[in-house]
2 protein chains.
Amino acid sequence: MTISLTEENYIKAIFYKSNSNNIGVSTNSLSNHLKNKASSVTDMLKKLADKKLIRYKKYKGVLLTLKGEKIAINIIRKHRLWEVFLMEKLNFSWDQVHDIAEQLEHIKSEELIKRLDSFLGKPTLDPHGDPIPDEKGKFNETKSIPLNECKILKEIIFIGVKNHTISFLKYLTSIGLGIGDKFKIEAINDFDNSYQIKVKKNNLVFISNDLASNILIKIKNE
Amino acid sequence: MTISLTEENYIKAIFYKSNSNNIGVSTNSLSNHLKNKASSVTDMLKKLADKKLIRYKKYKGVLLTLKGEKIAINIIRKHRLWEVFLMEKLNFSWDQVHDIAEQLEHIKSEELIKRLDSFLGKPTLDPHGDPIPDEKGKFNETKSIPLNECKILKEIIFIGVKNHTISFLKYLTSIGLGIGDKFKIEAINDFDNSYQIKVKKNNLVFISNDLASNILIKIKNE
DNA sequence: ATTATTTTTTAGACTCATCTAAATTTATTT
DNA sequence: AAATAAATTTAGATGAGTCTAAAAAATAAT
């Protein structure tokens with residue numbers, strides 16, 4: 001069975017919109033995410049259901065089948081491996097890689113991905129700190145928490161972001177924060193739950209609670 | 001102006017079918033090459049002419065405009081750079097790279113190609129010995145001749161192939177012949193113009209004239 | 001529990017790239 | 001140069017993926 005580029009993008013969107021609870025993804029949320037009209041989404045959902053890639057009941061939203069999930073995870077694996085390639089080998093900055101990886105993820109060749117994976121040293125995290133599933137589709141879960149759930153003044157490792165917008169990524173770069181960096185929480189302001197952190201020898205940086213909720217961290221030595 | 005993947009493939013096909021003499025490429029030859037019906041080709045030619053990518057007169061065949069040629073050369077550049085990447089970095093064999101490069105050549109990002117080029121050390125020949133045009137579209141012409149035009153017993157450098165079919169490439173590999181290899185013409189049989197060559201310490205290999213016409217060589221120290 | 005609102009689906013139309021079948025033009029024979 | 005063959009184009013149709021506008025179903029509000 002062949003799966004078109006468009007179908008792949010729908011499958012990926014459904015995967016991203018799926019919550020761990022088994023509630024179907026709504027037509028509208030896919031419509032927003034894919035920037036297509038809801039009616040177009042409905043059409044495609046019928047097609048994907050025919051192919052047994054999703055379970056779809058009219059008006060009830062949609063869930064991936066095992067087959068569909070496998071495909072989604074494989075696309076994500078390809079996307080993230082290419083992102084690693086673009087940053088590590090071609091020295092792109094992390095806010096530049098997404099659009100290119102969005103294209104590369106659709107290249108069809110299992111052998112290519114296998115070799116790319118080896119070439120990159122079988123990485124388990126992409127440049128945004130997101131886990132890269134292995135050949136079997138298994139995610140190496142690195143338990144991270146958003147910075148705003150950390151209420152103690154400790155040494156922190158920055159391991160990922162929740163918000164992937166380019167402006168956010170650029171902002172982090174501008175304050176000297178990159179994946180893997182260590183920083184220290186110097187103060188937590190209880191009036192607005194904002195943070196003051198110190199990255200390396202840089203000055204103190206002020207982080208709003210909202211911002212902090214999009215920064216994924218691990219507490220050092222835990 | 002956006003150019004679709006399909007349009008890119010037509011432009012590339014027209015480029016490959018163009019002879020240095022200014023004779024238009026026929027609808028039928030494109031039809032064969034692209035494995036589309038002639039009527040489909042006609043439709044697309046009209047479209048490409050509207051976009052000023054080709055010059056097209058009904059029943060008279062087709063030529064690329066400067067704009068079209070630029071695009072064709074850029075696609076070829078991308079194709080060949082990716083082939084180098086696949087062989088040099090991912091250790092694919094030269095008969096495996098074409099199909100994957102056929103997909104990769106359509107990835108849209110000038111920056112990507114610029115960086116890939118640098119990463120690969122700005123190569124001027126691809127793994128099949130075909131020249132890689134530079135950013136400006138200039139081909140580094142390495143004047144090569146087909147083996148069957150060489151009538152003297154000399155040391156030879158194998159620099160490319162004319163026939164790119166997988167079976168031919170596999171055959172060359174099987175007799176121990178790879179791009180850049182040196183070999184010696186041991187004998188030229190005048191009854192059928194076939195060749196006997198010696199690759200490294202291997203046994204003598206028999207090469208028919210037909211085969212020889214598809215092997216591009218340079219005579220050593222010339 | 002009716003009404004109003006939002007979400008989703010259906011119906012019909014459009015573009016892109018393709019096809020088949022028929023018509024037309026060009027090239028080749030005799 | 002007329003007849004035949006080959007190449008090319010036109011006309012009309014199809015499938016994929018999208019759209020708008022209208023209908024139907026689900027959800028929320030009074």
Side-chain angles (χ1 to χ4, degrees), chain A residues 1-14 17-19 21-64 68 71-72 75 102-103 105-106 108, chain B residues 1-14 17-19 21-64 68 71-72 75 102-103 105-106 108:
Chain A
M1 184 187 44
T2 45
I3 296 169
S4 72
L5 189 146
T6 315
E7 288 170 336
E8 286 194 351
N9 283 330
Y10 271 87
I11 302 246
K12 193 173 51 138
I14 296 165
K17 289 289 172 186
S18 294
N19 299 307
N21 39 334
N22 250 30
I23 286 172
V25 178
S26 75
T27 301
N28 256 9
S29 75
L30 291 171
S31 165
N32 290 330
H33 188 262
L34 292 163
K35 279 156 188 175
N36 279 344
K37 297 297 163 186
S39 55
S40 310
V41 173
T42 302
D43 285 348
M44 181 55 87
L45 294 185
K46 284 180 192 165
K47 208 172 136 194
L48 294 175
D50 285 348
K51 291 194 174 184
K52 312 272 184 215
L53 300 173
I54 60 173
R55 277 196 315 256
Y56 169 58
K57 278 258 171 64
K58 269 192 199 176
Y59 297 102
K60 296 297 179 192
V62 70
L63 284 174
L64 291 175
I71 291 168
I75 299 168
E102 202 80 350
Q103 297 178 63
E105 73 188 7
H106 298 291
K108 283 182 182 11
Chain B
M1 184 188 41
T2 46
I3 297 168
S4 72
L5 189 146
T6 314
E7 289 170 336
E8 286 193 352
N9 283 330
Y10 271 87
I11 302 249
K12 193 172 51 139
I14 296 165
K17 290 289 171 185
S18 294
N19 298 308
N21 40 334
N22 249 29
I23 287 173
V25 177
S26 76
T27 303
N28 256 8
S29 75
L30 290 172
S31 164
N32 291 328
H33 188 261
L34 293 162
K35 278 156 189 175
N36 280 345
K37 298 296 162 186
S39 54
S40 310
V41 174
T42 302
D43 285 349
M44 182 56 86
L45 293 185
K46 283 180 192 163
K47 209 172 135 194
L48 294 175
D50 286 347
K51 290 192 174 186
K52 313 269 184 218
L53 299 174
I54 61 173
R55 277 196 315 256
Y56 169 59
K57 277 257 171 63
K58 270 191 199 177
Y59 298 101
K60 297 295 177 194
V62 71
L63 284 174
L64 291 175
I71 291 168
I75 298 169
E102 202 80 350
Q103 298 178 62
E105 73 189 6
H106 298 292
K108 284 183 183 11

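In what follows, every chain begins at residue 1, and chains take the letters A, B, ... in the order their sequences are listed.
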Enquirer: Grab the CG-P distance between L48(B) and dT18(C) for me, whole Å please.
Expert: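 Interatomic distance, CG of L48(B) to P of dT18(C): 11 Å.
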Enquirer: Looking at T42(B), does any N or O in its side chain come under 4.0 Å of the phosphate oxygens OP1/OP2 on dT9(D)?
Expert: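 Looking at the OP1 and OP2 atoms of dT9(D), one of them is under 4.0 Å from a side-chain N or O of T42(B).
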Enquirer: Please report the distance, rounded to the nearest Å, between CE in M44(B) and P in dT10(D).
Expert: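 These atoms are roughly 16 Å apart.
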Enquirer: Applying side chain to side chain contact (heavy atoms under 4.5 Å, CB included), name anything that partners Q103(B), two or more places apart in sequence or on another chain.
Expert: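 Partners of Q103(B) under the side chain to side chain contact (heavy atoms under 4.5 Å, CB included) test: I107(A), K108(A).
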Enquirer: Name all residues meeting the side chain to side chain contact (heavy atoms under 4.5 Å, CB included) criterion together with L64(A); count only those two or more places apart in sequence or in a different chain, and write none if there are none.
Expert: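 Scan of L64(A) (side chain to side chain contact (heavy atoms under 4.5 Å, CB included), adjacent residues dropped) gives I11(A), I14(A), F15(A), I54(A), E69(A), A72(A).
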Enquirer: Name all residues meeting the side chain to side chain contact (heavy atoms under 4.5 Å, CB included) criterion together with L5(B); count only those two or more places apart in sequence or in a different chain, and write none if there are none.
Expert: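 L5(B): side chain to side chain contact (heavy atoms under 4.5 Å, CB included) contacts with N9(B), H106(B).
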Enquirer: Could you tell me how far apart N32(A) (CG) and dT6(C) (P) are, to the nearest whole angstrom?
Expert: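 After rounding, the gap between these two atoms is 15 Å.
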Enquirer: Starting at CG of N9(B) and ending at P of dT18(C), how long is that distance when rounded to a whole Å?
Expert: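 Computing the N9(B):CG to dT18(C):P distance gives 9 Å.
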Enquirer: Would you find a donor on one side and an acceptor on the other, under 3.5 Å apart, between the side chain of K52(A) and the backbone of G68(A)?
Expert: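 No; zero donor-acceptor contacts below 3.5 Å.
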Enquirer: Exactly one of V41(B), L30(B), L45(B), N19(B) should register a side chain to side chain contact (heavy atoms under 4.5 Å, CB included) with V25(B). Which one does?
Expert: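 Looking at V41(B), L30(B), L45(B), N19(B), the match for V25(B) under the side chain to side chain contact (heavy atoms under 4.5 Å, CB included) is L30(B).
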Enquirer: Would you kindly give the NZ-to-P distance between K35(A) and dC19(D), to the nearest whole Å?
Expert: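 One finds 13 Å between P of dC19(D) and NZ of K35(A), rounded.
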Enquirer: Would you give a per-nucleotide map of nucleotides 21-29 of chain C, 5' to 3', where B means the base has a protein non-hydrogen atom under 4.0 Å away, S means only the sugar-phosphate does, and - means neither?
Expert: B--BSS---
Enquirer: Taking only residues two or more places apart in sequence, or in another chain, which ones meet K60(A) in a side chain to side chain contact (heavy atoms under 4.5 Å, CB included)?
Expert: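 Once residues adjacent in sequence are excluded, the partners of K60(A) under the side chain to side chain contact (heavy atoms under 4.5 Å, CB included) criterion are K57(A).
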Enquirer: Could you tell me how far apart N28(B) (CG) and dT9(D) (C1') are, to the nearest whole angstrom?
Expert: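 Value for this atom pair: 12 Å.
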Enquirer: Under 4.0 Å between any heavy atoms, over every strand shown, what does S40(A) touch: base, sugar-phosphate, or nothing? Just pick one.
Expert: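 The residue S40(A) makes base contact.
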Enquirer: Are any of T6(B)'s side-chain N or O atoms less than 4.0 Å away from OP1 or OP2 of dC16(C)?
Expert: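 So the side-chain polar atoms of T6(B) never come under 4.0 Å of the phosphate oxygens OP1 or OP2 of dC16(C).
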Enquirer: Nearest whole Å is fine: how far is dA11(C) C1' from K46(A) NZ?
Expert: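 It is 10 Å, rounded to the nearest whole Å.
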Enquirer: Is there any side chain to side chain donor-acceptor pair (under 3.5 Å) pair reaching into residues 25-37 of chain A, and which pairs are they, with sequence neighbours excluded?
Expert: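 Listed once each, the pairs are Y10(A)-N36(A), S26(A)-S29(A).
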Enquirer: Between Y10(B) and dC16(C), does any side-chain N or O lie under 4.0 Å from OP1 or OP2?
Expert: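 No, Y10(B) has no side-chain N/O under 4.0 Å of OP1/OP2 on dC16(C).
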Enquirer: Contact class for N36(B) vs. all strands (heavy atom < 4.0 Å): base, sugar-phosphate, or nothing?
Expert: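 Here N36(B) touches the backbone only, sparing every base.
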Enquirer: Nearest to the side chain of Y56(A), heavy atoms from C-beta on, is which of dC19(C), dT9(C), dT18(D)?
Expert: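 It is dT9(C).
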